[in-house]
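Note that these values count all heavy atoms, side chains included, but never hydrogens, waters or copies made by symmetry.
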Amino acid sequence: MKQEFIIDAHVHTGWMGNLMAPEVDLAALLRLMDRLNIQSVICSDTRSITIGPEEYLPISRRAFDESKGRVFYLGVYDPNRPHESLEILRKAVKWPGFAGIKIHPSWHRTMANDRAYRSAWEYAAENDVTILAHTWSVSDYNPVQKFSTPGLFE
């Protein structure tokens with residue numbers, strides 16, 4: 001390898017009121033990437049867990065194009081809307097820049113080991129698609145993490 005580079009596997013764009021992110025647009029992300037010598041990122045627009053996938057995935061696809069292929073993106077699987085989620089993921093997997101599926105059990109209030117995720121696991125396995133999941137320990141200040149503790153992924 002002639003020149004070192006960094007690939008960040010989990011960044012966000014898009015303002016969402018309950019998350020602290022002072023600069024959330026694509027231009028700010030690209031400036032930060034350049035400053036830190038980050039070659040590429042895999043991005044999940046924070047709006048992806050609150051608005052329908054048919055609305056946010058085209059935004060994410062445009063970010064890939066506008067970044068000249070530096071900002072890859074994830075599609076969110078919502079276990080509360082499994083058919084709609086899979087339908088858009090089936091389309092998005094063919095798009096340039098699509099990097100995989102994101103699940104967020106604590107946001108969707110569905111245990112990570114719930115059968116509601118089964119179609120996401122099967123789709124990912126059948127199509128060789130990566131899944132990114134939020135996992136960490138339960139805490140007093142954030143009890144919803146009980147939905148996505150690492151042990152639930154066994």
Side-chain angles (χ1 to χ4, degrees), residues 1-110 112 117 119-137 142 144-145 147-150 152-153:
M1 182 164 59
K2 293 182 179 182
Q3 181 181 3
E4 295 178 0
F5 65 92
I6 299 169
I7 298 174
D8 189 330
H10 188 178
V11 301
H12 291 282
T13 55
W15 186 82
M16 196 161 98
N18 63 341
L19 295 176
M20 173 51 184
E23 296 185 76
V24 295
D25 65 348
L26 179 61
L29 176 60
L30 290 169
R31 285 191 303 274
L32 180 62
M33 289 170 63
D34 290 341
R35 193 174 87 232
L36 299 175
N37 193 31
I38 296 174
Q39 180 65 33
S40 300
V41 298
I42 301 175
C43 184
S44 178
D45 190 294
T46 54
R47 297 164 289 195
S48 65
I49 57 175
T50 60
I51 64 174
E54 66 283 346
E55 296 156 357
Y56 78 82
L57 271 174
I59 294 168
S60 298
R61 185 178 179 182
R62 273 194 309 277
F64 174 78
D65 293 339
E66 291 173 15
S67 72
K68 297 179 175 62
R70 294 179 67 193
V71 178
F72 293 83
Y73 57 94
L74 299 168
V76 171
Y77 176 84
D78 181 347
N80 301 303
R81 298 163 52 181
H83 301 294
E84 180 183 4
S85 294
L86 280 179
E87 187 60 35
I88 193 67
L89 290 170
R90 284 186 183 102
K91 294 175 186 174
V93 75
K94 299 172 189 169
W95 296 349
F98 181 80
I101 299 169
K102 176 177 181 174
I103 66 168
H104 203 313
S106 59
W107 182 268
H108 292 120
R109 304 292 200 270
T110 305
Y117 284 108
S119 56
W121 306 133
E122 290 172 351
Y123 180 79
E126 291 165 5
N127 293 279
D128 196 27
V129 173
T130 299
I131 293 181
L132 177 136
H134 278 260
T135 63
W136 53 84
S137 300
N142 201 357
V144 298
Q145 297 319 316
F147 292 101
S148 46
T149 56
L152 294 173
F153 289 89

Seminar exercise, completed: Smallest heavy-atom separation, G75 atom then L57 atom, equals CA-CD2, 4.0 Å

Problem set entry | Euclidean distance, H108 NE2 relative to Y117 OH, rounded to 0.5 Å | 6.5 Å

For this session: Taking all heavy atoms of G100 and all of V129, pick out the closest pair and write down the distance.
Result: CA-CG1, 3.6 Å

Problem set entry | Side-chain heavy-atom pair F147, T110 within 4.5 angstrom cut-off | no

Problem set entry | For N80 against D78, the heavy-atom pair lying closest together | N-OD1, 2.8 Å

Exercise. What distance do L30 atom CG and I38 atom CD1 have between them, rounded to the nearest 0.5 Å?
Worked result: 10.5 Å

For this session: Quick one: closest heavy-atom pair of A112 and W121, and the distance?
Result: O-CZ2, 3.9 Å

Exercise. Would you find more than 12 non-hydrogen atoms of other residues, nucleotides or ligands less than 6.0 Å from D128 atom CG?
Worked result: no

Problem set entry | Validation row: T130, L132 side chains within 4.5 angstrom (heavy atoms) | no

For this session: Check each of V41, D34, L26, L29 against R70 using the side-chain contact (heavy atoms from CB on, under 4.5 Å) test, and report the only one that passes.
Result: D34

Exercise. Quick one: are Y123 and I101 in side-chain contact, heavy atoms under 4.5 Å?
Worked result: yes

Exercise. Can you find a heavy atom in the side chain of F153 that is under 4.5 Å from one in the side chain of I103?
Worked result: yes

Exercise. Side-chain donor-acceptor pair under 3.5 Å between S85 and H83, yes or no?
Worked result: no

Problem set entry | Minimum heavy-atom distance between Y77 and P82, given as atom pair plus value | OH-CB, 3.2 Å

Problem set entry | Interatomic distance, F98 atom CZ to S60 atom OG [nearest 0.5 angstrom] | 10.0 Å

Exercise. Between atom CH2 of W95 and atom CD1 of I88, what is the distance when rounded to the nearest 0.5 Å?
Worked result: 4.5 Å

Problem set entry | From NZ (K102) to CD1 (I42), nearest 0.5 Å | 12.0 Å

Problem set entry | Plane angle bin for H104 and H134 - parallel if under 30°, tilted between 30 and 60°, otherwise perpendicular | parallel

For this session: Find the distance between CZ (R31) and CZ (R35) and round it off to the nearest 0.5 Å.
Result: 10.0 Å

